[in-house]
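Structure first, commentary second.
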Amino acid sequence: MKKISVVGAGFAGMTLSLRLAEKGFQVDLYEKSSRVGGLLGTEITPYGLAEKAANALIRTERAEKLFAELGITPQLTREDSKRRYIFRGSPRRWPLSFFESLGFVFKFLPVALFKRENLKPHPEQTLKSWGLHHLGEAPTQFLLEPAMQGIYASEISSLSASLILGPLFSKNREKYKGLLTGKNGLQDLINALEKRLLEKGVRIHLNFNGSLEEVSGPVVLATSASAAQKITADLYPDVSSWLSKIHMSSVVSVKLFFDKAQESYKGFGCLVPQSLGFKTLGILMNSYIFAERDQTYTETWIMGGKDVEALLQKTDQEILDVILSERRQLLERSDKIVHASIDRWDRALPCYDVQLEKVLHTMTTPSHLYLHGNYLGGLGLSKILERSDRLAEELAKNYV
């Protein structure tokens with residue numbers, strides 16, 4: 001059999017290993033921790049489910065096929081989740097004033113309808129520059145800024161418009177149809193993937209602390225950019241040097257269960273423009289996203305931005321005090337927390353900035369070394385799944 005080694009048993013490494021095994025490879029999957037799944041995981045509490053990181057996959061045809069293939073009954077979103085809010089004085093479905101809306105429509109709509117190609121970002125253009133040029137000041141601050149910071153946990157003044165908006169101009173981009181997850185959260189997906197990998201003969205090596213010299217065959221590094229940089233330092237210093245140039249963002253994710261439900265804003269969640277001075281980037285209103293999962297009303301608070309390093313050093317109680325203070329300002333609620341789960345992700349997310357754009361355009365790897373991760377083609381599990389399928393096809397062609 002064709003042998004290949006995959007380092008990193010997060011979602012990227014697991015889905016790639018599955019596709020490679022299906023194509024006749026003998027796959028050795030190496031993971032430094034004591035469990036598979038990487039950042040993904042679901043805590044089952046007496047109050048409901050608490051996801052450690054992502055709470056679902058974007059519902060693409062590819063994602064639906066994976067769920068069907070693994071025998072997972074997908075849980076889809078509630079009707080309430082179609083409502084999205086952005087904070088401007090209060091959570092609003094549409095945060096622009098009447099005249100700001102008129103200006104936005106007259107500035108953006110004619111170009112979008114008749115000269116769409118003119119909207120395509122220029123190389124090394126920042127997202128803020130693109131927004132001010134094509135949308136205007138208010139739409140950039142109250143639409144583009146919160147939407148992008150809620151996903152990329154970075155200021156739009158440094159984010160790359162080409163990396164983020166460029167794929168929207170591709171004719172082959174996948175269509176999105178909402179979200180999907182398992183009945184018991186994304187842990188269902190991780191468990192099903194692990195079971196299928198073992199059935200396909202993939203050899204999973206947990207608690208792996210070795211080097212690349214200890215693995216055989218072509219190697220795929222399905223890790224974060226920072227982890228790949230350390231792994232390649234000795235054998236591939238040039239690759240390591242490129243990877244070291246990728247900026248990483250930190251995030252604090254807090255799952256909260258309250259004694260009372262807030263019913264004023266039933267929806268997917270609320271985004272918060274960082275320019276308003278809050279530490280909160282966004283609030284997921286979990287109980288209004290997926291039905292019948294929680295015994296107690298729950299929210300997930302995503303915190304980050306320029307002050308996140310100081311936030312990482314705070315105690316659990318200090319973080320909860322910050323959230324309770326900002327919750328009173330953002331949602332005008334003072335409910336009691338009955339359970340909290342806090343995850344600190346230190347330098348866990350790649351910053352999709354202009355620097356990453358430069359790195360991806362110039363970085364090369366040896367013919368037998370491949371990279372796979374959320375810094376190579378878009379954040380989000382569905383994007384990673386798409387790349388897993390395409391990389392497996394490439395490897396199958398290269399190693400006939």
Side-chain angles (χ1 to χ4, degrees), residues 3-17 20 25 27-40 53 152-154 158 160 163 202-251 304 308-309 312-313 343-379 383-384 387-388 391-392 394-395 398-399:
K3 293 185 177 182
I4 194 165
S5 297
V6 178
V7 179
F11 184 70
M14 295 180 79
T15 51
L16 176 63
S17 295
L20 290 172
F25 283 88
V27 183
D28 283 279
L29 178 59
Y30 297 90
E31 170 56 43
K32 70 175 182 178
S33 71
S34 59
R35 58 175 287 274
V36 298
L39 300 183
L40 300 182
Y152 296 95
S154 300
S158 63
S160 164
L163 289 180
V202 175
R203 298 184 293 216
I204 301 176
H205 310 270
L206 299 177
N207 301 304
F208 175 73
N209 291 309
S211 67
L212 291 182
E213 294 175 312
E214 299 178 39
V215 302
S216 60
V219 177
V220 181
L221 298 183
T223 67
S224 68
S226 54
Q229 182 259 319
K230 294 176 183 177
I231 293 170
T232 55
D234 292 333
L235 287 182
Y236 308 105
D238 289 343
V239 176
S240 181
S241 176
W242 281 116
L243 290 169
S244 69
K245 298 176 182 179
I246 297 176
H247 299 146
M248 304 295 290
S249 299
S250 301
V251 172
V308 69
E309 301 305 324
L312 290 171
Q313 306 305 317
D343 288 293
R344 297 169 175 82
W345 302 114
D346 187 11
R347 300 183 72 248
L349 293 177
C351 182
Y352 267 65
D353 57 7
V354 172
Q355 175 68 10
L356 177 60
E357 182 183 346
K358 294 177 181 178
V359 170
L360 294 181
H361 284 163
T362 54
M363 183 173 62
T364 59
T365 61
S367 59
H368 56 283
L369 178 68
Y370 297 83
L371 302 176
H372 182 25
N374 61 5
Y375 58 98
L376 294 168
L379 292 179
K383 283 289 186 182
I384 292 174
R387 180 168 172 77
S388 288
L391 182 55
E394 178 184 346
L395 288 163
N398 291 346
Y399 298 95

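Here the structure is a predicted model, which means the values were calculated and not measured.
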Inset, instruction - Report the C-alpha distance between Val251 and Val308 in whole Å, list the side-chain angles of each, state the deciding distance to 0.1 Å, and finish with yes or no for side-chain contact (heavy atoms from CB on, under 4.5 Å). - result: CA-CA 7 Å; Val251 172; Val308 69; 5.7 Å; no
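- Residues Ile246 and Gln229 have side chains not in contact (no heavy-atom distance under 4.5 Å, counting atoms from C-beta outward).
- Between Leu206 and Val36 there is a side-chain heavy-atom pair separated by less than 4.5 Å.
- Contact annotation: the side chain of His361 never approaches that of Lys358 to less than 4.5 Å [non-hydrogen atoms, C-beta and beyond].
- Considering CD of Glu213 and CG of Leu235, their distance stands at 4.5 Å, rounded to 0.5 Å.
- To the nearest 0.5 Å, atoms CD1 (Ile231) and OH (Tyr30) are separated by 12.5 Å.
- Between Leu391 and Leu371, the shortest heavy-atom distance links the atoms CD2-O, 4.2 Å.
- Closest heavy-atom contact between Gly8 and Leu29: O-CD1, 3.5 Å.
- Here the OG1-CD distance, from Thr362 to Glu357, works out to 10.5 Å after rounding to the nearest 0.5 Å.
- In plain terms, the two heavy atoms of Ala153 and Leu349 that are nearest each other are CB-CD1, 4.3 Å.
- The CZ atom of Arg344 sits 12.0 Å away from atom OG of Ser250, with the distance rounded to the nearest 0.5 Å.
- Of all the heavy atoms in Pro218 and Lys3, the pair that sits closest is CD-O, 3.2 Å.
- Contact between Ala348 and Asn374 at its shortest, heavy atoms only, is O-ND2, 4.4 Å.
- Between Val7 and Thr223 the shortest heavy-atom distance is O-CG2, 3.3 Å.
- Ring geometry for Tyr370 against Tyr399 counts as perpendicular: the plane angle is over 60°, on a 0 to 90° scale with 30° as the lower cut.
- Listed for the Ser240 side chain is no donor-acceptor partner under 3.5 Å among the backbone atoms of Pro237.
- Between the Arg35 side chain and the Gly38 main chain, a donor and an acceptor come within less than 3.5 Å of each other.
- Rounding to the nearest 0.5 Å gives a distance of 7.5 Å between CD of Glu309 and CD of Gln313.
- Using a 4.5 Å heavy-atom cutoff, the side chains of Leu212 and Leu221 are in contact.
- Between Thr232 and Thr365 the shortest side-chain heavy-atom distance does not fall below 4.5 Å.
- A distance of 8.5 Å separates OG of Ser5 from CZ of Phe208, quoted to the nearest 0.5 Å.
- For the residue pair Asn207 / Ser34, no side-chain donor-acceptor distance below 3.5 Å is found, with atom types taken as modelled.
- If you run side chain to side chain contact (heavy atoms under 4.5 Å, CB included) between Val6 and each of Val202, Leu20, Asp28, Val219, only Leu20 comes through.
- Residues Met248 and Asp346 have side chains not in contact (no heavy-atom distance under 4.5 Å, counting atoms from C-beta outward).
- Looking only at distances, no side-chain donor or acceptor of Ser249 sits under 3.5 Å from a matching main-chain atom of Pro350.
- The neighbour count for Asp234 CG, taken as heavy atoms of other residues, nucleotides or ligands under 6.0 Å away, does not exceed 12.
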